[in-house]
Visitor: 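Please read through the structure below; I'll follow up with questions.
Since the structure is predicted, the reported quantities are computational estimates derived from the model, not experimental observations. Lettering follows sequence order; numbering is per chain, from 1.
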Amino acid sequence: MKGVRHYPGFLAITVLCLVVLYAPLLVIMAYSFNGSTSITTWGGLSLHWYVDVFTGAEAARFGQAAWNSLTIAVIAATASTAIATAAAVAMIRGGTFRGKRATFALINMPLMVPEIVTAVATLIFFAMIGLTTGYLTILIAHVTFCIPFAYLPIAARLQGIEGHYEQAARDLYASRWQAFRLILLPLMAPGVVSGYLLAFIISLDDFIITNFVKGAGMETLPTAIFGSVKQGIKPNIMAISTLMLVVSILFVALSYLINRKGRRSP
Amino acid sequence: MAGMVPDQTPATSGDGYRRVVGPLLLPTWAMIGIFLVVPVALMAVYSFLTKEFRGGVDWQFSLAAYDQFFLNRGLFGDEPPVMEWTYITIFWRSIWQAAVATALCLAIGFPTAWFIATRPANTRGIWLFLITIPYWVNLLIRTVSLKFLIRDNGPLNEALMGAGLIDGPLPLVNTNLAVQLGLFYSYLPFMVLPVYAAVERYNFAYSEAAADLYASRWVTLREIVLPIVKPGIVAGCLLVFIPSLGAFLAPDLLGGAKTFMIGSLIDEQFKGSLGNWPFGAAVSMILMTLVMIALLVYARSTAKGGAA
């Protein structure tokens, strides 16, 4: 009986929802190919602004910012994924232990505290211990807030793997480390990769916390873009935005495919 | 298991890593403990310190930050204190903006989630994927894109004027509506996903039973469906409301002086020599307290729902 599932107008609202979500992105992508120097008039298709991104007056500044963003995202994602993998194994395979609930709350804390509050607290902390704000402070903050994002897909994956496989390995005299490395880790790999990609995107995406702990003269791509759009939206920003947009979508598609493939195997 | 070396007793499925739990969790405890728990505690301390003029603090206990937030003692601080409304108004405005954004998300998000959950199982993933993609695009870029689209001589106004629907451009940027739209646009997927999860678990036999008893679609929705999927709706509302409350980018880029929200108020206290660190810490404490209250109320309600 199809009737009870159908509500008139819900399809229209879903379409509206998708239009609202995609219209701004499509518009900015379209205008990034604008040949005109003005953002308001359309001057025909051109790759002018993409050339400008790599060779124009601001190329060096944005290039440095992109390099900072990328290296911070790679290091932060790697560190937080390693930390979160260890934590997930302990939380899911460690049985019951004292402080488990508290640890769970701790892992989720970066998601509970409003981002701007984390930003303020982190800045105060670094000022207090006398650590000069810059690359290192951004990195520390990113590793910290990426942990729950890496943890969630890893723990979800681990929860779906039954204990028989490791048990069989242990019955066959594998050491605990061998059982982990040769059995559990390959089984949980899709979750680990998902967690890594998620942490990577979250790090690349962050503006508020980075803006607080970056210090003078240090820029990541979001803070550089923010500084630039404060003076008005220029076409080169649209080209940079489009490039970042494509990178993000590639990563999410990759994470989605890996997860789907992982779900088919045990 | 006779004849096994004691050290190599097979791991039971649940607690094979029981003995190494400590070392495995140590990095997590260290990172989040040192770089989040300690900083938040320190922020609480800072909110009770004296402001230093170059930005920073003097280690002198003071209630000045909270006093500034709640009380007005006149220009020279010598008048009898009366209630100070400036900051409470900013909080109230933020709560209102976040509430409107949440309502918008629910109005669009619920039908969308319902529609997706009632698709055949093999296409649901694609629909969900379509909804989540924009979330993974940088929030700053999404907000800038929205601003570009709705600005006075932007594509939206041009299209509306071209179609003859309006005579002059709609002044959308720098209004409350723009900020609400921005928040709605930022967090819409947070509403769709939990509502979808709730609707997907819903047993449509209830709707069929109601239909058999001559209940109309909308009566069924209101009386049967909504009470059952309520936990998903509440979770979605919380996931939109909380980040909206402390949002910085949407109000800063899409709003103006009249739409000043908590995020900008806090941000201002830490920028340059005009800042006031203890006051910024105090405002952050008040914001965090509000969020924690909302989360506690939510935890209470789900605990009750689980027991019933």
Visitor: Is it the backbone or the side chain of Phe207(A) that comes under 4.5 Å from a heavy atom of chain B, or both, or neither?
Guide: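 The side chain, not the backbone.
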Visitor: Pick one of side chain, backbone, both or neither for Met112(A), based on which atoms fall under 4.5 Å of a heavy atom in chain B.
Guide: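 Both backbone and side chain.
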Visitor: Need one label for Ile32(B): side chain, backbone, both or neither, based on atoms under 4.5 Å from any heavy atom in chain A.
Guide: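 Both parts, backbone and side chain.
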Visitor: Measuring heavy-atom distances to chain A, does Leu295(B) have an atom under 4.5 Å in its side chain, in its backbone, in both, or in neither?
Guide: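 Side chain only.
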Visitor: Does any heavy atom of chain A fall under 4.5 Å from the side chain of Leu139(B), the backbone, both, or neither of them?
Guide: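 Answer is both: backbone and side chain atoms of Leu139(B) are under 4.5 Å from chain A.
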Visitor: More than 12 foreign heavy atoms under 6.0 Å from CZ of Phe104(A): is that the case here?
Guide: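 Not more than 12 within 6.0 Å, no.
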Visitor: List in chain and number order the residues that pass side chain to side chain contact (heavy atoms under 4.5 Å, CB included) with Ala65(A), two or more places apart in sequence or in another chain; answer none if no residue qualifies.
Guide: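 Once residues adjacent in sequence are excluded, the partners of Ala65(A) under the side chain to side chain contact (heavy atoms under 4.5 Å, CB included) criterion are Glu219(A), Leu221(A), Ala224(A).
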Visitor: Between Val229(A) and chain B, which part of the residue has a heavy atom less than 4.5 Å away: side chain, backbone, both or neither?
Guide: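 For Val229(A), the contact with chain B is made by the side chain alone.
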Visitor: Please state whether the side chain, the backbone, both or neither of Leu11(A) comes within less than 4.5 Å of a heavy atom of chain B.
Guide: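 Both backbone and side chain.
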Visitor: Need one label for Ile202(A): side chain, backbone, both or neither, based on atoms under 4.5 Å from any heavy atom in chain B.
Guide: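 For Ile202(A), side-chain heavy atoms alone lie under 4.5 Å from chain B.
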Visitor: Between Leu16(A) and chain B, with a heavy-atom cut-off of 4.5 Å, which part of the residue counts as in contact: side chain, backbone, both or neither?
Guide: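 Contact with chain B: side chain only.
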Visitor: Determine whether Phe35(B) and Thr122(A) make a side-chain contact, defined as any pair of heavy atoms from C-beta on separated by less than 4.5 Å.
Guide: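 The answer is no, as the side chains (C-beta and beyond) never meet within the 4.5 Å cut-off.
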Visitor: Can you tell me which portion of Ile13(A) sits under 4.5 Å from chain B's heavy atoms? Options are side chain, backbone, both or neither.
Guide: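 Both backbone and side chain.
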Visitor: So do Pro222(A) and Asn138(B) actually touch side chain to side chain, heavy atoms under 4.5 Å?
Guide: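 Yes - at least one pair of side-chain heavy atoms lies under 4.5 Å apart.
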Visitor: With distance as the sole test, does Trp136(B) use its side chain to make a donor-acceptor pair with the main-chain N or O of Leu198(A) at under 3.5 Å?
Guide: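 Side chain of Trp136(B) to backbone of Leu198(A), a donor-acceptor pair under 3.5 Å: no, none is there.
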Visitor: Non-hydrogen atoms of chain B under 4.5 Å away: do they reach the side chain of Leu197(A), the backbone, both or neither?
Guide: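 No part of Leu197(A) comes within 4.5 Å of chain B.
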Visitor: Output the option from Ala247(B), Ser207(B), Pro111(B), Ser284(B) having the highest count of non-hydrogen pairs under 4.5 Å with chain A.
Guide: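 The residue among Ala247(B), Ser207(B), Pro111(B), Ser284(B) with the greatest pair count is Pro111(B).
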Visitor: Side chains of Leu123(A) and Trp277(B), heavy atoms from C-beta outward: is any pair under 4.5 Å?
Guide: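 Answer yes - side chains close enough.
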Visitor: Relative to chain B, which segment of Ile83(A) carries a heavy atom at a distance below 4.5 Å: side chain, backbone, both, or neither?
Guide: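 Answer is both: backbone and side chain atoms of Ile83(A) are under 4.5 Å from chain B.
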Visitor: Within residues 141-149 of chain A, which positions have a heavy-atom distance to chain B below 4.5 Å?
Guide: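 Hits under 4.5 Å: Val143(A), Thr144(A), Ile147(A).
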Visitor: With only heavy atoms counted, which part of Ala79(A) is less than 4.5 Å from chain B, the side chain, the backbone, both or neither?
Guide: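 Contact with chain B involves no heavy atom of Ala79(A) at all.
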Visitor: Could you tell me which of Val40(B), Ile116(B), Leu221(B) has the largest number of non-hydrogen atom pairs under 4.5 Å with chain A?
Guide: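 Option with the greatest count: Leu221(B).
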Visitor: Please state whether the rings of Phe110(B) and Phe10(A) are parallel, tilted or perpendicular, taking 30° and 60° as the class boundaries.
Guide: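 Ring orientation, 0 to 90° scale: perpendicular.
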Visitor: I'd like to know which of Leu21(A), Ile28(A), Val120(A) tops the heavy-atom pair count under 4.5 Å against chain B.
Guide: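 If we count pairs closer than 4.5 Å to chain B, Leu21(A) comes out on top.
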Visitor: CG/Leu36(B) to CD1/Ile140(A) distance, rounded to the nearest 0.5 angstrom?
Guide: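 Rounded to the nearest 0.5 Å, the CG-CD1 separation comes to 13.0 Å.
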Visitor: Using side-chain heavy atoms (C-beta onward) and a distance below 4.5 Å, is Phe148(B) in contact with Ile237(A)?
Guide: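 No - every pair of side-chain heavy atoms lies 4.5 Å or more apart.
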Visitor: Is it the side chain or the backbone of Phe180(A) that comes within 4.5 Å of chain B heavy atoms, both, or neither?
Guide: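 For Phe180(A), backbone and side chain are both near chain B.
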Visitor: Quick one: which of Ala88(A), Ala84(A), Pro110(A), Ala127(A) has the most heavy-atom pairs under 4.5 Å with chain B, could you say?
Guide: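 The candidate making the most pairs under 4.5 Å is Pro110(A).
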Visitor: Can you give me the closest heavy-atom contact between Ser145(B) and Pro24(A), atom names plus distance?
Guide: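 It is CB-O, 3.5 Å.
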Visitor: Counting heavy-atom pairs under 4.5 Å with chain A, which one of Met288(B), Arg217(B), Met292(B) comes out on top?
Guide: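 Sorted descending by pairs with chain A, the first entry is Arg217(B).
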Visitor: With a 4.5 angstrom heavy-atom cut-off, which part of Lys230(A) approaches chain B: side chain, backbone, both or neither?
Guide: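 Contact with chain B: side chain only.
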Visitor: Holding to side chain to side chain contact (heavy atoms under 4.5 Å, CB included), I want the full list of residues that pass it with Trp59(B), two or more places apart in sequence or in another chain.
Guide: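 Scan of Trp59(B) (side chain to side chain contact (heavy atoms under 4.5 Å, CB included), adjacent residues dropped) gives Met128(A), Val45(B), Tyr46(B), Leu49(B), Val57(B).
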Visitor: Between the side chain of Arg5(A) and the main-chain N/O of Arg119(B), is any donor-acceptor distance below 3.5 Å?
Guide: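 Flag not set: sc Arg5(A) to bb Arg119(B) has no pair under 3.5 Å.
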Visitor: My understanding is that only residues two or more places apart in sequence, or in another chain, count here; which of them pass side chain to side chain contact (heavy atoms under 4.5 Å, CB included) with Ile133(B)?
Guide: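 Expected list: Tyr22(A), Ile249(A), Phe129(B).
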Visitor: Which pair of heavy atoms, one from Thr112(B) and one from Cys17(A), lies closest together, and at what distance?
Guide: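 Closest pair (atom of Thr112(B), atom of Cys17(A), distance): OG1-CB, 3.5 Å.
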